[in-house]
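Encoded as structure tokens, the structure appears first; notes follow it.
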Amino acid sequence: MKNLTQLEEKTVNELVKYLEVYFDENGKTDGYWSSAEVKDLSQDTGIPMSKMRGVISSLIQKDIVYIEDYDCDGTETIYIKDNLVKQFI
């Protein structure tokens, strides 16, 4: 995994608190759900929105997180990449 800055690490640690991870009977990640939005992470970490957008962008570029709008209502939630979830929980 690529090295994280202090702000990235703080953001990922906060994001983990929003994840509900589901495991199969073998302990393998079966899926998960997130309710974290950029504004939530900004508020909870104390990182201003202007910086938080850059932090999220950097985490996306490092292929650690992605943003999804599953129900197409404009609410974008942030997820940790499936192959990395277990490293953070």
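Here the structure is a predicted model, which means the values were calculated and not measured. Residues take their numbers from the sequence shown, with the count starting at 1. The figures that follow rest on heavy atoms only: side chains count, while hydrogens, waters and symmetry mates do not.
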* Structure fact -> On a heavy-atom basis, the closest approach of Ser34 and Leu19 is CB-CD2, 3.6 Å

* For Trp33 against Tyr22, the heavy-atom pair lying closest together -> N-CE1, 4.2 Å

* **Contact check, side chains of Leu4 and Leu59, non-hydrogen atoms, under 4.5 Å** => yes

* To do: Indicate whether any N or O donor in one side chain lies under 3.5 Å from an N or O acceptor in the other, for Thr77 and Glu37.
  => no

* Asked: Could you go step by step and tell me if Lys81 and Asp63 meet the side-chain contact (heavy atoms from CB on, under 4.5 Å) rule?
  -> CA-CA 7 Å; Lys81 291 282 190 156; Asp63 206 29; 2.9 Å; yes

Does [Y] offer a backbone N or O that forms a donor-acceptor pair with the side chain of [X] under 3.5 Å?
X     : Y     : answer
Asn13 : Glu9  : yes
Gln61 : Ser58 : no
Ser42 : Val38 : no

* **Tyr79 OH to Ile67 CD1 distance, which is reported to the nearest 0.5 Å** => 12.0 Å

* Asked: In Å, rounded to the nearest 0.5 Å, how long is the span from CG of Asn3 to CD of Glu8?
  -> 9.5 Å

Donor-acceptor pairs under 3.5 angstrom involving side-chain atoms of residues 43-57: please list them, not counting sequence neighbours.
{"unit_1": "Asp44", "atom_1": "OD2", "unit_2": "Tyr18", "atom_2": "OH", "d": "2.3"}
{"unit_1": "Thr45", "atom_1": "OG1", "unit_2": "Leu41", "atom_2": "O", "d": "2.6"}
{"unit_1": "Thr45", "atom_1": "OG1", "unit_2": "Ile47", "atom_2": "N", "d": "3.2"}

